[in-house]
Enquirer: 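First the structure, which I've put down as structure tokens, then a few questions once you've had a look.
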Amino acid sequence: MKKVYEFLVWDNCNNNCQFCWQREKPRIYNVEKRKEILNEVLSFIRSDKFEVGSHILVCGGEIFDDVMPFDFLKDFFFHISCLMYNDVIDLLYLNTNLLTKNIDKVLNILGEFEDKGLLERIRFTTSYDVAGRFRDEESEKLMLQNLDWVRIYYPTMPTVVNMILTKPLCEKLLNEHNFLNDIMSVYKCWVNLIPYIVLDKNLTAPKKMIFQALMQVNEDCPGYLQRYIPNMCILQEKWLYMYKDNEFQFCSCPMSDCGHSVNFKKYSTTNTCFCCDLQEVFGKYV
């Protein structure tokens, strides 16, 4: 598998998720500094630190913060699209919470990639959570409306919606059997269920409930686990760089003996790896 270089550019965000670790000690930068940071991303990719042909992930905080000037963002992603067109970059993972009131900014930037025939090499990723994410019904409605605009304009672009396996989500998956299938059908996306790295114990689901919920999902969406488990358990090098003290610093977390991130052991009190537990419980689906 090709390497993924992950660039955590800043912690500025237009939301305040209850389960967000970054809000504990946020790196907050003004617009001029954020411009400088994006230029540093481009310099890094063009340097000998970057292995040509790798994947990249660019995320905040929030990249598409409404205060970030559109012209500069468009210029940054134009350069990224050129690097992809010339095969310096293979895939781009682009994360946004889609809580912008100016969705045209996102759609126009995606147009840069469409013009070069690169949409299928983007992994557009957003997040939807039934607890801890949205301030009110209006912000939830805004996110879903924006997701719908992305679907309408770019129906062939691979789009992923992350959902955190909190206790409220597990309860919803167990009780509302059409919930996940409806989202994937309406928005033409893949919903990726990710483990909750415990920050607020009130949101933590018991281990047994998590696997019951996953089993229910597979009944509601036949074949879900066959795709989900290999994607979740893939052994792929991820090189995480955080901008801090005026430079990108390597900050990937250690790996467990099993080859998965140590963070996967933080989803329950048993100190077992989520990926390994998935393979043990649902081995027949792999």
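Residues: numbered from 1 along the sequence shown.
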Enquirer: Determine whether I56 and I45 satisfy the following criterion, side chain to side chain contact (heavy atoms under 4.5 Å, CB included), listing intermediate values before the conclusion.
Expert: CA-CA 9 Å; I56 70 166; I45 295 169; 4.0 Å; yes
Enquirer: If you measure from CG on L165 to CG on L214, what distance do you get to the nearest 0.5 Å?
Expert: 5.5 Å
Enquirer: Minimum heavy-atom separation for F113 and L92, please, with both atom names.
Expert: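 Looks like CZ-CD2, 3.6 Å.
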Enquirer: In the single-linkage hydrophobic clustering (I, L, V, M, F, W, Y; side-chain heavy atoms under 4.5 Å), do Y154 and V58 co-cluster?
Expert: yes
Enquirer: Determine, using the 4.5 Å side-chain heavy-atom cutoff (strictly less than), whether F78 and L42 are members of one ILVMFWY cluster.
Expert: no
Enquirer: If you count every heavy atom of other residues, nucleotides or ligands that lies below 6.0 Å from Y85 atom OH, does the total exceed 12?
Expert: no
Enquirer: Quick check: do R34 and V67 have side-chain heavy atoms less than 4.5 Å from each other?
Expert: yes
Enquirer: Looking at L235 and G259, what are the two nearest heavy atoms and their distance?
Expert: CD2-O, 3.5 Å
Enquirer: Please report the interatomic distance CD(E51) to CD1(I89), rounded to the nearest 0.5 Å.
Expert: 13.5 Å
Enquirer: Has R135 got a side-chain atom pairing as donor or acceptor with E140's backbone, closer than 3.5 angstrom?
Expert: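 Looks like no, no N/O pair under 3.5 Å.
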Enquirer: Taking the side chain as everything from C-beta on, heavy atoms only, tell me whether E62 gets closer than 4.5 Å to N12.
Expert: no
Enquirer: Above 12 or not: heavy atoms from other molecules or residues under 6.0 Å from CD of Q249?
Expert: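 Counting neighbours around CD of Q249, more than 12 heavy atoms of other residues, nucleotides or ligands fall under 6.0 Å, so yes.
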Enquirer: Taking the inter-plane angle between the rings of F282 and F211 on a 0 to 90° scale, is it parallel (under 30°), tilted (30 to 60°) or perpendicular (over 60°)?
Expert: tilted
Enquirer: Hey, is CD on E219 packed in by over 12 heavy atoms from elsewhere, all under 6.0 Å?
Expert: yes
Enquirer: Is it the case that atom NZ in K238 sees more than 12 heavy atoms from other parts of the structure closer than 6.0 Å?
Expert: no
Enquirer: Return the orientation label for the F50 and Y5 ring planes: parallel under 30°, perpendicular over 60°, tilted otherwise.
Expert: tilted
Enquirer: Could you tell me the separation between the CE atom of M209 and the OG atom of S268, rounded to the nearest 0.5 Å?
Expert: 14.0 Å
Enquirer: Looking only at side-chain N and O atoms, does D220 offer a donor or acceptor that is under 3.5 Å from a partner on Q216?
Expert: yes
Enquirer: Below 4.5 Å, heavy atoms only, C-beta onward: do T126 and L147 meet side chain to side chain?
Expert: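 Yes. Closest side-chain heavy atoms under 4.5 Å.
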Enquirer: With a 4.5 Å cut-off on side-chain heavy-atom distances among I, L, V, M, F, W and Y, is there a chain of contacts connecting Y153 to M157?
Expert: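 Yes.
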Enquirer: Would you say the side-chain atoms of H260 pair up with the backbone N or O of C233, donor to acceptor, closer than 3.5 Å?
Expert: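 A pair under 3.5 Å: yes.
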Enquirer: Within a strict 4.5 Å, meaning less than it, do heavy atoms of the K116 and C82 side chains meet?
Expert: yes
Enquirer: Between M163 and I183, is there a side-chain heavy-atom distance shorter than 4.5 Å?
Expert: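 In short, these two side chains touch, coming nearer than 4.5 Å.
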Enquirer: Count I, L, V, M, F, W, Y as connected when their side-chain heavy atoms are under 4.5 Å apart, and connections chain through other members. Are L193 and F274 then in the same cluster?
Expert: yes
Enquirer: Which atoms form the tightest heavy-atom contact between V9 and G60, and what is the distance?
Expert: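 For V9 and G60, the tightest heavy-atom pair comes out as CG2-CA, 4.1 Å.
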Enquirer: Count the heavy atoms of every other residue, nucleotide or ligand shown that sit under 6.0 Å from OH of Y187, and state whether that count exceeds 12.
Expert: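 Enclosed.
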Enquirer: What's the spacing between K266 NZ and T204 OG1 if we round to 0.5 Å?
Expert: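 Between atom NZ of K266 and atom OG1 of T204 there are 13.5 Å.
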Enquirer: So, R123 side chain and L91 main chain: donor-acceptor pair closer than 3.5 Å or not?
Expert: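 Answer holds: no.
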Enquirer: Report the C-alpha separation of K33 and E36 in whole Å, then their side-chain angles, then the decisive distance to 0.1 Å, and conclude whether the salt bridge (Lys or Arg N to Asp or Glu O under 4.0 Å) test is met.
Expert: CA-CA 5 Å; K33 186 64 176 179; E36 179 184 327; 3.1 Å; yes
Enquirer: Check I63 against C59 and note the closest heavy-atom contact, atom names and distance.
Expert: CD1-C, 3.9 Å
Enquirer: Using only heavy-atom distances, determine whether the side chains of D277 and T272 contain a donor-acceptor pair under 3.5 Å.
Expert: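 Judged by distance alone, the side chains do pair up.
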Enquirer: Taking the side chain as every heavy atom from C-beta outward, state whether L73 and F64 have any pair of such atoms under 4.5 Å apart.
Expert: yes
Enquirer: Is the side chain of S261 donor-acceptor paired with the backbone N or O of M255 at a distance under 3.5 Å, no angle test?
Expert: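 Side chain of S261 to backbone of M255: no pair is present.
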Enquirer: Do side-chain atoms of D129 reach the backbone of A131 as a donor and acceptor pair under 3.5 angstrom?
Expert: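 Side chain of D129 to backbone of A131: no pair is present.
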Enquirer: Checking Y267 against Y196 for the side chain to side chain contact (heavy atoms under 4.5 Å, CB included) test, could you report, in this order, the C-alpha distance in whole Å, the side-chain angles of both residues, the deciding distance, and whether it holds?
Expert: CA-CA 5 Å; Y267 86 101; Y196 175 49; over 6 Å; no
Enquirer: Stepwise, does the side chain to side chain contact (heavy atoms under 4.5 Å, CB included) test hold for L98 with M143?
Expert: CA-CA 5 Å; L98 283 181; M143 179 267 162; 4.2 Å; yes
Enquirer: Strictly distance-based, threshold 3.5 Å: is any side-chain N or O of D75 a donor or acceptor partner for the main-chain N or O of D71?
Expert: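 No; zero donor-acceptor contacts below 3.5 Å.
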Enquirer: Can the positive tip of R27 be found less than 6.0 Å from the middle of the six-membered ring of W10, inside 45° of the ring normal?
Expert: no
Enquirer: More than 12 heavy atoms of other residues, nucleotides or ligands under 6.0 Å from CG of D104: yes or no?
Expert: yes
Enquirer: How are the rings of Y128 and F179 set to each other: parallel, tilted or perpendicular (split at 30° and 60°)?
Expert: tilted
Enquirer: Evaluate V161 against S127 for side chain to side chain contact (heavy atoms under 4.5 Å, CB included), listing each step before the verdict.
Expert: CA-CA 5 Å; V161 176; S127 299; 5.9 Å; no
Enquirer: Examine Y93 and W239 and state if one hydrophobic cluster contains both, with Ile, Leu, Val, Met, Phe, Trp and Tyr joined whenever side-chain heavy atoms are less than 4.5 Å apart.
Expert: no
Enquirer: Do C273 and S256 come close enough that some side-chain heavy atom pair is under 4.5 Å?
Expert: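 Heavy-atom side-chain distance check fails, nothing below 4.5 Å.
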Enquirer: To the nearest 0.5 angstrom, please state how far the CG atom of L169 sits from the CD atom of E171.
Expert: 9.5 Å
Enquirer: Testing the basics here: between Q279 and I229, what is the closest heavy-atom pair and its distance to 0.1 Å?
Expert: CG-CG2, 4.2 Å
Enquirer: So which atom in L240 and which in S252 form the shortest heavy-atom distance, rounded to 0.1 Å?
Expert: N-OG, 2.7 Å
Enquirer: Distance from T125 atom OG1 to N192 atom CG, nearest 0.5 Å?
Expert: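 Separation between the atoms: 8.5 Å.
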Enquirer: State whether the number of non-hydrogen atoms from other residues, nucleotides or ligands found under 6.0 Å of K244 atom NZ is greater than 12.
Expert: no
Enquirer: Sub-3.5 Å donor-acceptor pair from the side chain of D136 to the main-chain atoms of E138, do we have one?
Expert: yes
Enquirer: For atom OH of Y29, is the number of surrounding heavy atoms from other residues, nucleotides or ligands below 6.0 Å larger than 12?
Expert: yes
Enquirer: Keeping the roles fixed (side chain from N218, backbone from L225), state whether a donor-acceptor pair exists under 3.5 Å.
Expert: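 Pair found, side chain donor or acceptor close to backbone of L225.
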Enquirer: Would the distance check show the side chain of D65 and the main-chain N or O of M68 forming a donor-acceptor pair, the cut-off being under 3.5 Å?
Expert: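 A pair under 3.5 Å: no.
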Enquirer: Would you indicate whether the side-chain heavy atoms of L110 and F124 approach each other to under 4.5 Å?
Expert: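 They are in side-chain contact.
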